[in-house]
Amino acid sequence: MNRLILHAKRLLAAWTDRPLRSGAVVGGRYRLDEPLGIGSYGLTYRATDLLSGRPAALKQAKPSKGEAARELLRREAAMLERLDHPAIPRALSLLEERGQLYLASELAPGETLEDLLFEHGRTFTETEALRLVRSLADIVGHVHDRGCVHLDVRIPNVMFNGEFEAHTSAAQVGFASGDSEAHTSAAQVGFASGEFEAHTSAAQVGFASGEFEAHTSAAQVGFASGERLSLIDFGLARRIGEPPLAAAPASEDDRRNAPAEPASDLLDLGHLLLFLLYSSYVPEPGAPDRGWEDELEPAFDTRRLLRRLLGSKGPPLGGVPELLTELDRMLAARRAVQVRDDRHR
Ligand SMILES: Nc1ncnc2c1ncn2[C@@H]1O[C@H](COP(=O)(O)OP(=O)(O)OP(=O)(O)O)[C@@H](O)[C@H]1O
């Protein structure tokens, strides 16, 4: 009997949460183009902002989750409002229509690192992986500087945009365009400049709710074309030290209950680095699991950094600034070796 009720409840939730039809216009402004995904608390669509003609991401609070989903969406909007970084999509509007709550934000171009690795079979060398994590750490550093933690820095939440082929090296898509340049400013890891012109400033598009303050135009920050990484999905983000949200049941998602400390994001960056390094690992058929240190055989400094990020050995990193210093040192050492090798060629 219980199973029957559960089944009926699931069916009802699936019906309640069915995506809106493509072509529908929300708030007189956002035309839905296609569903992008259904998360635990939201349905996200690729949309077109009819006011600007720009692409947008529109997230609808999942109807079956009621006020909890609405509360989380409001919080996500408030979180985005605190941030102002070219590699973080800006909130455009928080709007309500026919009892449904929606958050519109800029659409980050490209595809997720998850799709890049698993669908396109993109591989990363150790240096490329370190460069990418360096760029991402810059973005995460901004989140921390604003007193927040993302708490979900994972490959499905990092968008990568570049004209890559399945096995092109990162250098060709912009990560390596002269390392010193590539790693200087956080601004350089944002969208393609073309994308940004498209988004102009939030002030120009205006916020429906009037809750948001205008952000500086991303275009003002300046970009190196080719550097295209962005961090999305601030659905779990919290202020540093903030307790887990009451709206999210403790049992539902461990991440929602993670300590709201920068260390949580550093741990995620460590796991993300591992994912990137594993992209080049080809296991021996039938070989037993030997653990990442033996399987990947990373360089000494990479191994040391990973141990610190993952909290397995060595002093934990003090924060993103220390991570950036470490990565810069490691990348500089690799550049020096590269220069030396080039000379001897
Ligand atoms: N601003 C954005 N730009 C581009 N794509 C986005 C944006 N926001 C979300 N997406 C895409 O939409 C899909 C759904 O994202 P969303 O964050 O709503 O849910 P989720 O990550 O699937 O689930 P959960 O919220 O439970 O983690 C993802 O594939 C994501 O890549």
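Start at 1 and go down the list; that is how both ligands and their atoms are numbered. The structure displayed is predicted, hence computed values, not measured ones. Hydrogens, waters and symmetry mates are skipped; everything else that's a heavy atom, side chains included, is used. Each residue takes its place number in the sequence, starting with 1.
- Residue contact check for ligand 1: Gly42 places no non-hydrogen atom closer than 4.0 Å to it.
- Ligand 1 places these atoms under 4.0 Å from at least one heavy atom of Lys59: 17 (O), 18 (O).
- Between His150 and Phe234, the ring-plane angle classifies as perpendicular under the 30° and 60° cut-offs.
- For the pair Lys65 and Tyr41, the cation-pi test (distance below 6.0 Å, angle within 45°) is passed.
- In this model, a donor atom of one side chain and an acceptor atom of the other lie less than 3.5 Å apart for Arg31 and Thr48.
- Side-chain N/O atoms of Asp49 and Ser52 include a donor and acceptor closer than 3.5 Å.
- Ranking protein heavy atoms by distance to atom 19 (O) of ligand 1, first place goes to Gly39 CA, 3.9 Å.
- Which of Leu43, Asp233, Ile38, Thr44 comes nearest to atom 9 (C) of ligand 1 through a heavy atom is settled by distance: it is Thr44.
- Each of the following atoms of ligand 1 lies closer than 4.0 Å to a heavy atom of Thr112: 31 (O).
- For the residues Ala108, Ser40, Ala56, Ala104, the heavy atom positioned nearest atom 3 (N) of ligand 1 is part of Ala108.
- A side-chain donor from one of Thr302 and Glu126 sits under 3.5 Å from a side-chain acceptor of the other.
- Counting only N and O atoms by type, the side chains of His120 and Asp115 include no donor and acceptor under 3.5 Å apart.
- Looking at Ile232 against ligand 1, only its side chain comes within 4.0 Å, counting heavy atoms.
- Not a single heavy atom of Arg46 sits closer than 4.0 Å to an atom of ligand 1.
- Separating the CG atom in Leu273 from the CH2 atom in Trp292 is a distance of 8.5 Å, to the nearest 0.5 Å.
- Pairs of residues two or more places apart, or lying in two chains, that qualify as salt bridge (Lys or Arg N to Asp or Glu O under 4.0 Å) and include a residue from residues 91-104 are Arg70-Glu96.
- Annotation: atom 28 (C) of ligand 1 to nearest protein heavy atom, Leu36 O, 4.5 Å.
- Using a 4.0 Å cut-off to heavy atoms of Ala57, the atoms of ligand 1 that qualify are 1 (N), 2 (C), 7 (C).
- If you check which protein heavy atom lies closest to atom 1 (N) of ligand 1, you get Glu106 O, 3.0 Å.
- Each of the following atoms of ligand 1 lies closer than 4.0 Å to a heavy atom of Ser105: 1 (N).
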